[in-house]
Amino acid sequence: MIANAPDPVESVTLFARLLRDAGLTTGPERVQDACQALLAIDLAHPDEVRFALRAVFVTRREEGPVFDAAFDLFFSRPGGEGKSGSVPGRSRPLALDPKQVKAWMDALGLSTSGVAREVEGPPASSAGYSAQELLRRRDFRDMSWEELASVRRLLRQAPWRVAERRTRRLRADRRGTVELRRTMRSAARQGGDAPQLSRASARRKRRPIVILCDVSGSMDRYSRHLLVFAHAIGRRERVETFAFSTHLTRITHLLRHGDIDSALDHVAEQVHDIGGGTRIADALHTFQRVHARRVLGHGAVVLIISDGWDRGDPDQLGREMARLRRTCYRLIWLNPLLGSDVYQPETRGMAAALPHCDDFLSAHSVDALDTLGKLLAELPRRASRSPRAGAAALAASAGAAGS
Amino acid sequence: MNISADAAQPASVDAVVEMLGAHDYLCDRRLATAILVSMRINKPLFLEGEAGVGKTEAARALAAGLGARLIRLQCYEGIDLAHAAYEWNYARQLLHIRLLGEGADRARAEQDVFGPDFLLRRPLLDAIDNDDAVPPVLLIDEIDRSDEEFEAFLLEILADFAISIPELGTIRARRPPLVILTGNRTREVHDALKRRCLYHWIDYPDLEREVAIVRVRAPEVSERLGRQVAEVTQRLRGLDLYKVPGVAETVDWARALAALGHTEATPEALRETMGAAIKHQEDLERSEEAIAGPSGR
């Protein structure tokens, strides 16, 4: 234990190094805090040592278990008796018990093996203007891999930006309301009698976007491109992305990788149910219970990208959709199948979900995604708070899109 | 190392548990350790946890235990300097300038008008610029409701216990306040802010502790009733609810039952008063099924 360690500062430093390997934030400042924290408590009490170090090094709830695993590993190190093993990512191996290493690997999520991915061809060199025009309308389903590479470029250059909302902060604006602090300063300087009024109005910020992308088997041909789309707009907007088929997985951090190919590889590795069945209602439920409070603030726009083939209970889906609609600024459903001429939103899941959507759009081609972009750029207020009126408008828009 | 062992401050983890307990706040050793370390190394403590686990209450009990003033700042979106730290008293400033009349020295006037007399002190300035015998406890409540700009502003205060006012200069705390920040996790707080704090996640208490909390906070509730209600809420937390009832809800629920004259938490009584703990229509249905279950013993 640390109480009988020859030099507590050194063991804290070593321990911090282990934590850094595990992905926690450390640094000299934290180490110093940790040493001071140890002076405040009773070192003979193992729990107090753990709790004190935990208060210093852990900065979010998820790090708790990792910290505990690291603490157990480091401070119960059995002298020289332990067999040799090493923690991945460490430059020098520690003398470790294999069992402890296993627990450690589990805590770090390193014991899971990656999922094999498809092999990709090289991207096309360049595409002429007319070829681009064609590509814009082509269904993603019918494209070759080379064509898709140029689609990515098109998506990245898409000119639209997401609509803004008023924040409660101010910026100088001649047509805004009077701002007293600035006015006073200039008044004091000039004599105070006829103050020149400084004005300010609400600063505006772009709305955050939340994308829920269906990666189940039936969406096979589209999900990859739609993830490309999510990646492309994620480069310049505030986007939270989730993938679902039977489970919901947050993939925002995976898509943050600048290179789309490595980003998609990460997704393939981390999302274990790619190509599985669809349980939209369950996915939405998990989303609302676990993530919604964190990502739906600030007037967020929610995009659900799915074909609506749902194996779950349509009533449950309807309930989840109703709730989701109440908690976001706008709820948009993108259905790639809507692009085909014969499609009618007849699947039971889709029918249950439709009345709660603000917009129902296709997402099968670059053009379709452009339409979405324009909608996002304008984002007019909801026509009505009542879902029924929304449904009527939807029927009209679905008809128009299908024609 | 600037470790100040105040006479008033508790000396050990057990002393912290005892001090908070004396003010009706039952905490575990983990939280007590975090509080002790925070006091000793003068670093703000960031308490995160679900709604109703007693984050705000911890700060309140701490202030009471130390005999310190509790200065509370409730955060919200768009909160800014004028609401959180200080504002100039514009009306007085204007009046002052007009009273000076024509011939007055304008540069002087400006200097006068931006002096301490014309400053309206809001919670943060109040906490930093204090003359209290015991340093106050500054509670920055629900920091996750504020926006990034405000977080950035807090960095200076949390790291140096100082506020810079352009017209006046930097005001430094002579006796730094004890700072407690709380958050619900409606969004992730920036790492730069967390780096300046100690962190503690408050979990739901186990059954025994929850029963004890109900007993302390609602003395009118019988041991038996308190235990039954705590058992039910603990079970409800295992359900797939949108909004899981917190400890505050358990206490409210037990109170509601006691107020209606119930001495036992029968399924009917629980159902009638369920609104004290479950506040979403969808959750009500699920909870009702669960209540009809094993608590009917």
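Treat the numbers as computed from the prediction; the structure is a model and nothing was measured. So that the names make sense, note that chain A is the first sequence line, chain B the second, and so on, each numbered from 1.
When only modelled atom types and interatomic distance are considered, B:Glu156 and B:Ser164 share a side-chain donor-acceptor pair under 3.5 Å. Looking only at atom types and distance, the side chain of B:Thr33 has no donor-acceptor partner in the side chain of A:Glu48 under 3.5 Å away.
No part of A:His291 comes within reach of chain B, as not one of its non-hydrogen atoms sits under 4.5 angstrom from that chain. B:Leu241 touches chain A through its backbone: at least one of N, CA, C or O sits under 4.5 Å from a heavy atom, while the side chain does not. Interface residue A:Arg60: backbone and side-chain heavy atoms are both found under 4.5 Å from chain B. Contact annotation for B:Phe46: neither backbone nor side-chain heavy atoms come within less than 4.5 Å of a heavy atom of chain A. If you measure heavy-atom distances from B:Lys43 to chain A, the contacts under 4.5 Å come from the side chain alone. Neither the backbone nor the side chain of A:Thr25 comes within contact range of chain B, judged by heavy atoms closer than 4.5 Å. In this structure, the portion of B:Asp191 lying under 4.5 Å from any heavy atom of chain A is its side chain and not its backbone. Using a 4.5 Å cut-off between heavy atoms, A:Glu63 makes no contact with chain B at all.
Here B:Arg195 is the residue among B:His200, B:Lys243, B:Glu87, B:Arg195 with the most heavy-atom pairs under 4.5 Å with chain A. Chosen from A:Ile41, A:Asp33, A:Val56, the residue pairing most often with chain B at heavy-atom distances under 4.5 Å is A:Asp33.
The 12-atom threshold is exceeded at CD of B:Glu149, counting heavy atoms of other residues, nucleotides or ligands nearer than 6.0 Å.
In this structure, B:Asp206 has no side chain to side chain donor-acceptor pair (under 3.5 Å) partners at least two apart in sequence or on a different chain.
Formation of a donor-acceptor pair under 3.5 Å by the B:Lys55 side chain with backbone atoms of B:Ile202 is not found in this model. A distance-only check finds no donor-acceptor pair linking the side chain of A:Arg207 to the backbone of A:Val301 [under 3.5 Å].
For A:Glu320 and A:Arg279, the salt-bridge test fails: no basic side-chain N is under 4.0 Å from an acidic carboxylate O.
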